[in-house]
Protein chains: 2
Amino acid sequence: MEQKIEGRPERARFVRESADVRRQALIEATARCLAEKGVGGTSVRVICAYAGVSAGLLTHYFDGVDALILATYRDVGEKVGAAMERAVAEAGPDPRDRLWAYLRANFQPPVLDPNLLATWISFWSLNKTNPAIAATHAETYGSVREHLEVLLREAAPQIPRPDARIAAIGLTAMVDGLWLELCLDSSTFTIQEALGMVEEAMNYVLSKPRNGSIDQ
Amino acid sequence: MEQKIEGRPERARFVRESADVRRQALIEATARCLAEKGVGGTSVRVICAYAGVSAGLLTHYFDGVDALILATYRDVGEKVGAAMERAVAEAGPDPRDRLWAYLRANFQPPVLDPNLLATWISFWSLNKTNPAIAATHAETYGSVREHLEVLLREAAPQIPRPDARIAAIGLTAMVDGLWLELCLDSSTFTIQEALGMVEEAMNYVLSKPRNGSIDQ
DNA sequence: GGAACTGGAAAGCCCATGGCTCTTATCAAT
DNA sequence: ATTGATAAGAGCCATGGGCTTTCCAGTTCC
């Protein structure tokens with residue numbers, strides 16, 4: 001005779017984790033899910049399965065899936081930003097080295113990663129319909145551009161401020177375009193070729209003749 | 001007393017269209033749907049509602065939603081390519097004008113269109129999980145790069161072939177990056193600024209000193 | 001010219017999955 | 001031992017895609 005009485009199905013044991021651990025687990029699961037399955041394949045059940053928790057927890061810690069995705073966007077953006085800053089910090093004191101390290105970091109892990117692009121694309125795809133996502137995008141892009149602008153002016157103080165802004169936008173665009181295509185289809189050109197193009201563009205920006213700061 | 005007998009609900013009238021008309025209507029509806037609602041909001045019912053047909057027709061003309069999205073990708077890609085070629089054809093005979101027209105076309109309608117980007121992003125998001133989409137992407141990107149390469153060499157025949165390839169990749173990356181950000185958030189810089197950057201990059205590519213074709 | 005025929009088109013159906021809620025079980029701290 | 005927050009899991013309702021059935025507009029044949 002079985003010991004367990006019918007009608008009282010045993011429930012899975014669980015460990016009680018802190019809110020931070022749970023949130024982080026859900027965020028990382030969301031990033032993985034977006035990367036591997038895209039927006040369409042990202043659902044409450046899949047995310048929670050990835051995180052190893054039950055489906056109910058998502059709503060408990062976040063205001064629904066959209067809020068979790070937004071939190072994931074912020075988290076991923078911060079991690080990428082941190083990786084870039086680390087690269088700059090490790091580059092030493094020379095301003096040109098620091099600038100180059102910043103640009104170069106886009107073509108090294110963890111930034112150059114098809115999974116990261118896949119996650120990023122998911123955010124882009126929500127940009128149009130989700131104002132909070134759009135705001136986060138603007139914030140992230142602005143931060144990158146500003147950082148690059150600062151590094152540019154430190155490496156070439158003679159560049160007028162408006163020129164530095166344009167140069168930062170142009171360099172960012174080129175880096176983004178190369179990064180995008182490399183992640184989408186790495187067979188069209190190599191990382192080395194991309195680095196060569198970016199280096200040439202950087203050299204051009206740093207050395208092109210200006211007439212703003214001295215003449216006028 | 002009502003004239004209509006119970007149990008015989010009247011069915012919507014319909015007009016019989018040719019297969020081409022129906023396919024095109026579904027493709028255009030899909031593009032609109034992807035643009036306005038993103039991948040997540042693109043379903044059989046929504047597409048067919050946009051196209052003004054019943055839900056069953058999608059399966060009748062295409063092998064499911066995925067096949068329709070792929071067909072939409074091909075169609076949109078062809079339309080963009082045609083618009084670019086038209087711009088080149090209207091530019092006249094001067095090779096430099098033709099090259100510039102090609103680059104410039106990326107920042108004019110119908111290419112510079114947030115809806116087009118939204119559609120495009122949807123395709124990117126499927127790139128990882130859908131081999132057919134990935135193949136179409138490679139084809140489209142390769143076609144653009146080759147076309148640009150040809151225009152480059154016509155405008156500057158002294159450029160060695162490998163250099164032209166790299167220049168085409170770099171210019172494409174820059175254009176793509178600027179186009180992407182302009183469509184995502186048009187408040188960060190203007191179309192004129194983007195055109196200025198691209199023009200400067202083009203001039204640099206065309207006029208930079210080479211040592212390949214004459215010396216060696 | 002009328003009636004059967006063909007195949008395009010519309011609804012409805014089925015089952016799976018969507019997000020979210022609610023109840024209940026479990027754990028850790030008091 | 002008690003308690004209150006935390007987690008699990010079932011359940012609800014809406015929507016998903018694909019399929020089937022029913023219906024209708026041209027076509028064809030007599």
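Chain letters run A, B, ... following the sequence lines, proteins first and then strands; every chain starts at 1.
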Respond yes when some side-chain nitrogen or oxygen of [X] is under 4.0 Å from OP1 or OP2 of [N], and no when none is.
{"X": "A:S43", "N": "C:dT17", "answer": "no"}
{"X": "B:T59", "N": "D:dG17", "answer": "no"}
{"X": "B:Y61", "N": "C:dA9", "answer": "yes"}

query = When the nearest nucleotide of DNA chain D is assigned to A:G56 and to A:R16 on a heavy-atom basis, which residue is associated with the more 5' position?
reply = A:R16
request  = Could you check A:V53 against B:V46 and say which one's nearest nucleotide on DNA chain D is further toward the 5' end?
outcome  = A:V53
key: Side chain A:W179, main chain A:V111, donor-acceptor under 3.5 Å   = yes
Roughly how many Å is it from [atom1] in [X] to [atom2] in [N], rounded to a whole number?
{"X": "B:H60", "N": "C:dG8", "atom1": "NE2", "atom2": "P", "value": "5 Å"}
{"X": "A:L58", "N": "D:dT6", "atom1": "CG", "atom2": "C1'", "value": "15 Å"}
{"X": "B:I47", "N": "C:dA10", "atom1": "CD1", "atom2": "P", "value": "15 Å"}
{"X": "A:D63", "N": "C:dC20", "atom1": "CG", "atom2": "P", "value": "9 Å"}
{"X": "B:L57", "N": "D:dG18", "atom1": "CG", "atom2": "P", "value": "14 Å"}
{"X": "A:K37", "N": "C:dG18", "atom1": "NZ", "atom2": "C1'", "value": "15 Å"}

task = Might you work through the ring pair (Phe, Tyr, Trp, His ring centres under 6.0 Å) test for B:H147 and B:Y102, ending with a clear yes or no?
result = CA-CA 9 Å; B:H147 200 162; B:Y102 191 76; 4.7 Å; yes
query = Under a 4.0 Å N-O cut-off, is there an ion pair linking B:R165 with A:E193?
reply = yes
message = Any carboxylate oxygen within less than 4.0 angstrom of a Lys/Arg side-chain nitrogen, looking at B:R145 and B:E149?
response = yes
Is there side-chain contact between [X] and [Y], with heavy atoms separated by less than 4.5 Å?
{"X": "A:R22", "Y": "A:L57", "result": "yes"}
{"X": "A:L34", "Y": "A:W120", "result": "no"}
{"X": "A:I27", "Y": "A:F62", "result": "yes"}

[options]: which one has an atom nearest the side-chain heavy atoms of [X]?
{"X": "B:E17", "options": "D:dG17, D:dT6, C:dA9", "answer": "C:dA9"}
{"X": "B:V44", "options": "C:dC27, D:dG18, D:dA7", "answer": "D:dG18"}
{"X": "B:S54", "options": "D:dA7, C:dA10, D:dG16", "answer": "C:dA10"}

task = Please list, by residue number, the residues of residues 124-135 of chain B whose heavy atoms come closer than 4.0 Å to an atom of DNA chain C; answer none if no residue qualifies.
result = none
request  = Map B:R22 and B:R45 onto DNA chain C by nearest heavy atom, then report which one ends up closer to the 5' terminus.
outcome  = B:R22
